[in-house]
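Only one structure is covered here, and it is reproduced in the block below.
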Amino acid sequence: MKLPQGPKTPEIVQLLQWVSNPLTLMDDCAKKYGDMFSLWVSGNGKPIVFLSNPQAIKDVFTADYKQFDTGPANQLGKPILGQYSLMLMDGDRHRRERQLLMPPFHGERMKTYGQLIQDIALAVTDEWQIGQKFSVREVMQEISLRVILQAVFGLQEGTRSQQLRQLLSEMLDEISSPFNSVLLFFPVLQKDLGAWSPWGRFLRRQQEISKLLYAEIQERREKPDPSRTDILSLLMSARDENDRPMTDAELHDELRSLLVAGHETTATSLAWTLYSIHHVPGVLDKLLQEIDSLGNNPDPAAFAKLPYLTAVCNETLRIYPILFITFGRIVKSPIEIMGNLFAPGTQLAACIYLTHRREDIYPEPDKFKPERFLERQFSPYEYFPFGGGNRRCLGIALAPFEMKLVLGTILSRWQLALADKRPVRPIRRGFTLGPSGGVRMVVSDRRLQKSRIVETTV
């Protein structure tokens, strides 16, 4: 039950490397130690075993969920997510909560979000002017946050919606800065020294957000409307197998988790996608040809069915996964993974970043090549940007759907260009991997689809 090899540097040094330069740390370890290595980067004084071999990942994802504890491995996220977040739960409680949360994010529900997503993308970008420069991540964050607030909460434009948008954007931007990211990994630094201190500002924004969330929940309790189809309404009416509804505290923390995880991640992925298709020669031309084939004013869901657009989004999530690793699994009883026996208490994590860059699975892994997703299908142990097993992200259907609709809507109407030709490098943003500088672009022109040109000529 010996741990796999790893760096011999002190724990504090490894943790600082993990916070400041995680990609280099993982790349160096993979070259030196292979598919399985140990790093002391959990922030709780215990090592994490990184796995990047598909067979090892399959062994973890397909194991009985009772084999692991996962909630304790995610405690670093508790200040942001709340103690009743699904991400911090285990066992039967996790299974119950997940069953309550899953239906609004899958199946027929996607159709009801299509027009909403397109309308919001149009509303945010319709004011663009030719020659205008903008931060892609900021614009995509505005779109994704409005989608979350309207799809999850059913909140239309109003005071509460505006307050939530402002507070969430401020909180995430601040906590995701390179300096403040350190606070997430060193709980000892999480001290409220007043409103002027970084952690003090974070806590006060959290309190303001909580007031708004509880006010919305209370209002819905007092004035139930069975005709509403937003996710909050569906969750409030949901019952588990014992006919128990979710409590206000559970609703609050799940909504907070959805707000944080559901918009920041999608916005970052959209920023990476727009950067890549304008940076890599040939990709944009193929994409526009496919989008234009839909003609004028296509049904929003039509974008989601485009093969090359889907491949572009998949390749973005491969080469720039939002999270470096999946949720950690803490072994509860001895388990064998590819001939290695791990003792109880060992924390295992499938490494999304390293697996997605395996040359034996993805030739020329550092190149952005959407065609690879048209040429073959990858297993859920080779490609898993949303994690796997019983901890797979609830947004696995909604996030790609939103990405394709937003991209299709914008690219069919606007001609954009990178404002800076220099390559954008990935950097840590809190727990995620984001583009440095947010990606600066410029509005070059309005687009006329080929079908429109033909109609005008006739």
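Note that these values count all heavy atoms, side chains included, but never hydrogens, waters or copies made by symmetry.
Annotation for Phe134 and Val443: closest pair CE2-CG2, 3.8 Å, computed over non-hydrogen atoms. Scanning all heavy atoms of the two residues, the minimum distance from Pro298 to Gln118 falls at O-NE2, 4.4 Å. When all heavy atoms are compared, the tightest approach of Ala417 to Ser444 is CB-OG, 3.5 Å. Taking each heavy atom of Ser52 and Gly34 in turn, the nearest pair found is OG-O, 4.5 Å. Shortest non-hydrogen contact noted between Ala271 and Met140 is N-CG, 4.2 Å. Looking at every heavy atom in both residues, Leu418 comes nearest to Tyr275 through CD2-CD1, 4.0 Å.
Ionic pairing of Asp126 and Arg413 is not present here: no N-O contact between side-chain nitrogen and carboxylate oxygen is shorter than 4.0 angstrom. The pair Glu375-Lys369 does not meet the salt-bridge criterion, since no charged nitrogen lies less than 4.0 angstrom from a carboxylate oxygen. Ionic pairing of Arg204 and Glu208 is not present here: no N-O contact between side-chain nitrogen and carboxylate oxygen is shorter than 4.0 angstrom. Under 4.0 Å is where a charged nitrogen must lie from a carboxylate oxygen, and between Glu142 and Arg146 at least one such pair does.
Checking Asp59 against Tyr381 by side-chain atom types alone, no donor-acceptor pair falls below 3.5 Å. Neither side chain, Gln289 nor Asp285, offers a donor N or O lying under 3.5 Å from an acceptor on the other. Ser85 and Ser257 form a side-chain donor-acceptor contact under 3.5 Å, judged by distance and modelled atom types alone.
Rounding to the nearest 0.5 Å places CD of Gln377 at 10.0 Å from CG of Asn314. Going from atom OG1 of Thr273 over to atom CE of Met403 covers 3.5 Å, rounded to the nearest 0.5 Å.
Arg318 forms a cation-pi arrangement with Tyr362, by the criterion of a distance under 6.0 Å to the ring centre and an angle within 45° of the ring axis.
At least one donor-acceptor pair closer than 3.5 Å links the side chain of Arg428 to the backbone N or O of Trp18. Remark: the backbone N or O of Gln141 is paired with a side-chain donor or acceptor of Ser144 at under 3.5 angstrom. With hydrogens and angles disregarded, no donor-acceptor distance shorter than 3.5 Å links the side chain of Gln14 to the backbone of Val41. In this structure, Arg372 contributes its side chain and Pro365 its backbone to no donor-acceptor pair below 3.5 Å. With Arg391 contributing its side chain and Met87 its backbone, the two residues share a donor-acceptor pair below 3.5 Å. Under a 3.5 Å cut-off, the side chain of Arg357 and the backbone N or O of Asp366 do not form any donor-acceptor pair.
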Practice item. Go through Tyr33 and Phe50 one step at a time and tell me if the ring-ring contact (aromatic ring centres under 6.0 Å, His included) criterion holds. Key: CA-CA 11 Å; Tyr33 305 110; Phe50 283 59; over 10 Å; no

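Counted within 6.0 Å of CD on Glu170, heavy atoms from surrounding residues, nucleotides or ligands total more than 12; the atom is thus considered enclosed.
When each of Phe327, Phe384, Phe68 is checked for a ring pair (Phe, Tyr, Trp, His ring centres under 6.0 Å) with Phe61, only Phe384 meets the rule.
You'll find the ring centres of Tyr353 and Phe324 outside the 6.0 Å limit.
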